[in-house]
Protein chains: 2
Amino acid sequence: MTTNINTTIITIYVDGSCRNNGSDFAQGGWAAVLENGQDQLRISGSEQPTTNNRMELMALIEGLKAIRRENAHVRVFTDSKYVQKGCTEWLEGWKRNGWKRSDGKPVLNVDLWQELDALIQKHTIEFCWVKGHNGHPMNELADRMATAASHGRGVRVRTYAGNTGPVKQRLSGPGNVFTPPVAREKVSA
Amino acid sequence: MTTNINTTIITIYVDGSCRNNGSDFAQGGWAAVLENGQDQLRISGSEQPTTNNRMELMALIEGLKAIRRENAHVRVFTDSKYVQKGCTEWLEGWKRNGWKRSDGKPVLNVDLWQELDALIQKHTIEFCWVKGHNGHPMNELADRMATAASHGRGVRVRTYAGNTGPVKQRLSGPGNVFTPPVAREKVSA
RNA sequence: CGACACCUGUUACU
DNA sequence: AGTAACAGGTGTCG
């Protein structure tokens with residue numbers, strides 16, 4: 001079995017969270033876990049005010065932005081039909097009809113959808129939907145990280161191939177988006 | 001500041017609901033909340049099969065029928081342009097041209113429009129349109145009552161001036177249009 | 001074509 | 001119990 005480093009699939013698990021969703025002071029968090037078969041990169045961040053769906057979108061946007069390689073083969077796992085169907089079914093129509101929904105009203109979160117659209121075109125991406133909270137380990141991890149971020153607890157993580165477990169450190173402030181250089185390099189290698 | 005009881009404005013918030021609108025077994029509900037500045041009367045009912053617009057019309061018809069006073073000053077709040085524009089712009093034309101629409105075809109729901117036309121002439125009525133589901137408290141109340149009625153859940157409510165809250169009781173059957181005598185008298189007084 | 005309303009479904013966030 | 005978002009549909013009028 002030969003392994004070609006250039007065709008390695010990058011897997012991204014994304015999730016968003018939002019406490020008091022719908023209120024003016026809703027506190028959101030997002031997280032993405034990237035894997036290339038060897039190493040792992042974990043990033044997360046928070047925002048206020050926001051919505052649950054904006055955080056789901058942010059998780060994917062930031063996850064894709066963390067990929068250095070050009071034209072990578074990416075497999076995305078999300079539990080949000082809003083994100084999965086948005087990317088695979090609705091986006092093309094929206095671009096064709098001037099970002100209008102089926103009821104004629106403007107598509108919401110259009111800023112994020114347009115940013116996402118640009119990122120999607122840079123790679124070959126498979127979008128996989130997984131039911132939330134179904135025990136899928138990487139999805140659970142992204143979920144916990146997003147929830148932690150929504151509480152203002154950033155996560156700084158480096159993992160190495162063969163490591164028994166990640167090294168976690170609490171960060172002080174909210175809004176933390178820490179991408180450890182070592183892990184980042186490993187993913188994009 | 002003097003208050004003349006005879007010039008008190010009666011406010012009516014109306015709303016209709018219709019589950020499976022457009023199907024042969026559509027279940028509808030309507031509701032009207034009347035206020036005279038002191039007391040409140042809540043009425044609701046259900047029908048099957050029907051349409052969303054018929055229920056919007058029924059809500060107003062039953063609301064107006066609940067007014068005992070002759071030649072009252074009434075302010076109606078509806079979220080239906082069909083009802084609001086129907087009453088203020090289209091009705092006169094329809095009566096003049098033999099109930100024909102602008103495309104020459106007959107006006108639908110003529111039975112209800114004619115009943116409404118007769119009721120409108122008995123009072124001085126202001127028609128106010130409010131956007132649905134915009135947090136307008138009385139409109140929200142009418143909306144919930146109409147939805148409950150479409151599910152066969154009648155609401156029996158009496159409210160008194162200075163009462164801390166309404167007294168609610170579930171009624172057994174569907175199609176319930178209960179107008180508590182005490183509240184009714186207070187409204188029409 | 002436009003407008004308003006009424007839903008049906010799905011997922012997520014709490 | 002609620003909000004955030006999307007798809008599909010009908011009821012009605014000008």
Side-chain angles (χ1 to χ4, degrees), chain A residues 14-24 26-30 49-57 59 78-91 93-94 99-110 112-113 129-134 139 143 146-147 150-151, chain B residues 14-30 49-57 59 78-91 93-94 99-110 112-113 129-135 139-140 143-144 146-147 150-151:
Chain A
V14 296
D15 200 19
S17 120
C18 187
R19 295 182 298 136
N20 302 110
N21 189 33
S23 84
D24 290 338
Q27 287 179 316
W30 58 263
T50 186
T51 68
N52 65 323
N53 288 328
R54 286 188 73 84
M55 296 319 278
E56 302 278 6
L57 286 169
T78 176
D79 64 13
S80 167
K81 286 280 185 187
Y82 178 63
V83 169
Q84 182 244 326
K85 290 200 164 233
C87 291
T88 59
E89 298 179 21
W90 306 333
L91 199 50
W94 291 339
W99 300 94
K100 294 284 185 287
R101 309 188 303 203
S102 66
D103 66 0
K105 297 206 169 84
V107 170
L108 299 186
N109 302 322
V110 79
L112 297 181
W113 281 114
W129 176 80
V130 287
K131 179 148 186 65
H133 310 286
N134 253 23
N139 201 265
D143 176 67
T147 301
S150 81
H151 282 86
Chain B
V14 297
D15 200 19
S17 120
C18 186
R19 295 157 56 214
N20 301 108
N21 187 36
S23 84
D24 291 337
F25 48 91
Q27 289 179 315
W30 59 263
T50 185
T51 69
N52 66 323
N53 288 328
R54 286 188 72 83
M55 296 318 278
E56 303 278 5
L57 287 169
T78 176
D79 63 13
S80 168
K81 289 277 186 188
Y82 178 63
V83 169
Q84 183 244 324
K85 290 200 164 236
C87 291
T88 58
E89 299 180 21
W90 306 332
L91 199 50
W94 292 339
W99 301 93
K100 294 283 184 289
R101 308 189 303 203
S102 66
D103 65 1
K105 298 201 172 92
V107 170
L108 299 185
N109 304 321
V110 185
L112 297 181
W113 280 115
W129 177 81
V130 286
K131 179 146 188 65
H133 310 283
N134 254 25
N139 201 264
E140 291 288 303
D143 176 67
R144 284 161 189 277
T147 300
S150 82
H151 281 87

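Residue numbers start from 1 in every chain, and the chains themselves are labelled A, B, ... in the order their sequence lines are given, proteins ahead of strands.
Remark: Lys81(A) NZ is packed, more than 12 non-hydrogen atoms of other residues, nucleotides or ligands lying under 6.0 Å away. In the displayed structure, Asp24(B) atom CG is contacted under 6.0 Å by at most 12 heavy atoms of other residues, nucleotides or ligands. The number of heavy atoms from other shown groups lying within 6.0 Å of CG (Asp103(B)) is above 12.
Taking atom CH2 of Trp90(B) as the reference point, atom C1' of C4(C) lies 8 Å away to the nearest angstrom. Separating the CD atom of Glu89(B) from the P atom of C4(C) is a distance of 14 Å, rounded to the nearest angstrom. Straight-line distance from the CG atom of Leu108(A) to the P atom of dA5(D): 6 Å, rounded to whole Å. When the P atom of C4(C) is taken as reference, atom CG of Asn134(B) falls 11 Å away, rounded to whole Å. One atom, CH2 of Trp30(A), and another, P of C13(C), lie 17 Å apart when rounded to the nearest Å. Whole-Å rounding puts the Leu112(A) CG to dA5(D) C1' distance at 13 Å. Atom NZ of Lys131(A) is separated from atom P of U10(C) by 11 Å (rounded to the nearest Å). Rounded to whole Å, atom C1' of G9(C) lies 10 Å from atom NZ of Lys85(A).
Looking at Leu108(B) and Trp99(B), their side chains never come closer than 4.5 Å, going by heavy atoms from C-beta outward.
In terms of position along DNA chain D, the nucleotide closest to Trp94(A) lies nearer the 5' end than the nucleotide closest to the other residue of the pair Pro106(B) and Trp94(A). Both Arg144(B) and Trp113(B) lie near DNA chain D, and the one whose nearest nucleotide falls closer to the 5' end is Arg144(B).
Taking only side-chain atoms of Trp129(B), from C-beta outward, the nucleotide of dT12(D), dG14(D), A5(C) with the closest atom is A5(C).
Of the side-chain N and O atoms in Ser102(B), one or more sit less than 4.0 angstrom from OP1 or OP2 of dG14(D). Not one side-chain nitrogen or oxygen of Ser80(B) sits closer than 4.0 Å to the OP1 or OP2 atom of C4(C). The phosphate of C6(C) (OP1 or OP2) has a side-chain N or O of His133(B) nearer than 4.0 angstrom.
Rounded to the nearest 0.5 angstrom, His151(A) NE2 and Ser17(A) OG are separated by 7.5 Å.
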Could you list all N or O pairs between the protein and nucleotides 1-3 of chain C that sit under 3.5 Å apart?
none

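Using a 4.0 Å heavy-atom criterion, one finds that Val107(B) contacts the sugar-phosphate atoms exclusively.
For a distance-only test at 3.5 Å, the side chain of Asn53(B) fails to qualify as a donor-acceptor partner of the base of A5(C).
Near RNA chain C, meaning a heavy atom under 4.0 Å from it, residues 16-25 of chain B has Gly16(B), Ser17(B), Cys18(B), Arg19(B), Asn20(B), Asn21(B) in order of number.
Residues meeting the side chain to side chain donor-acceptor pair (under 3.5 Å) test with Gln27(B), sequence neighbours left out: Arg19(B).
In this structure, the side chain of Asn21(A) engages the main chain of Asn52(A) through a donor-acceptor pair within 3.5 Å. Side chain of Trp30(A) to main chain of Glu56(A): no donor-acceptor pair is present (N/O by atom type, distance under 3.5 Å, no hydrogens or angles). Proximity of a side-chain donor or acceptor of Thr147(B) to a complementary backbone N or O of Arg144(B) within less than 3.5 Å is not detected.
Ring pair Trp113(A)/Tyr82(A) is perpendicular by interplanar angle, where above 60° counts as perpendicular and below 30° as parallel.
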